[in-house]
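Comments concern the structure below.
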Amino acid sequence: SGDMWLANSGTMHPGSYLWRPPYYTHGPFRTESGAVILAWLESEVDSHYIEDPRRTPEENKSSATSQKI
């Protein structure tokens, strides 16, 4: 329910579907009325904060894998 604006995808409304491949930058986000979001994940999620939302999936993967301990 509600709405959610995603900078690189537009505004999502009830019934919208969003899919993201690994290492794809998503965000920033905003909502005008609040939002309830249901997510289904195929595997564990490992999130990494980045400063630049225009980074490519390749840049994100390189950064994420270099941060592994």
Side-chain angles (χ1 to χ4, degrees):
S1 66
D3 67 87
M4 184 171 64
W5 174 83
L6 292 88
N8 55 7
S9 299
T11 302
M12 309 298 285
H13 297 282
S16 294
Y17 176 83
L18 180 67
W19 173 82
R20 290 285 191 252
Y23 302 106
Y24 189 87
T25 302
H26 56 283
F29 309 95
R30 100 168 167 254
T31 179
E32 297 293 325
S33 63
V36 174
I37 302 164
L38 302 177
W40 178 73
L41 307 168
E42 293 181 350
S43 62
E44 181 179 323
V45 174
D46 191 9
S47 296
H48 297 268
Y49 177 78
I50 61 166
E51 295 285 337
D52 184 359
R54 297 167 296 203
R55 286 175 46 152
T56 66
E58 293 77 19
E59 290 171 315
N60 291 337
K61 183 176 183 178
S62 176
S63 175
T65 55
S66 70
Q67 294 175 16
K68 297 279 184 193
I69 297 175

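- With sequence neighbours left out, the side-chain contact (heavy atoms from CB on, under 4.5 Å) criterion links Pro14 to no other residue.
- Chaining together hydrophobic side chains whose heavy atoms lie under 4.5 Å apart places Tyr17 alongside Trp19.
- Take Ser33 and apply the side chain to side chain donor-acceptor pair (under 3.5 Å) test, not counting sequence neighbours, and it matches Asp3.
- Alongside Ile37, the hydrophobic cluster contains Met4, Leu6, Met12, Leu18, Phe29 (criterion: ILVMFWY side chains under 4.5 Å).
- With values rounded to the nearest 0.5 angstrom, Asp52 atom CG is found 7.5 Å from Glu59 atom CD.
- Taking Pro57 as the reference, Tyr23, Tyr24 meet the side-chain contact (heavy atoms from CB on, under 4.5 Å) condition, with sequence neighbours excluded.
- Residue pairs meeting the salt bridge (Lys or Arg N to Asp or Glu O under 4.0 Å) criterion with at least one partner in residues 14-33, sequence neighbours excluded, are Arg30-Glu32.
- Formation of a donor-acceptor pair under 3.5 Å by the Ser16 side chain with backbone atoms of His13 is found in this model.
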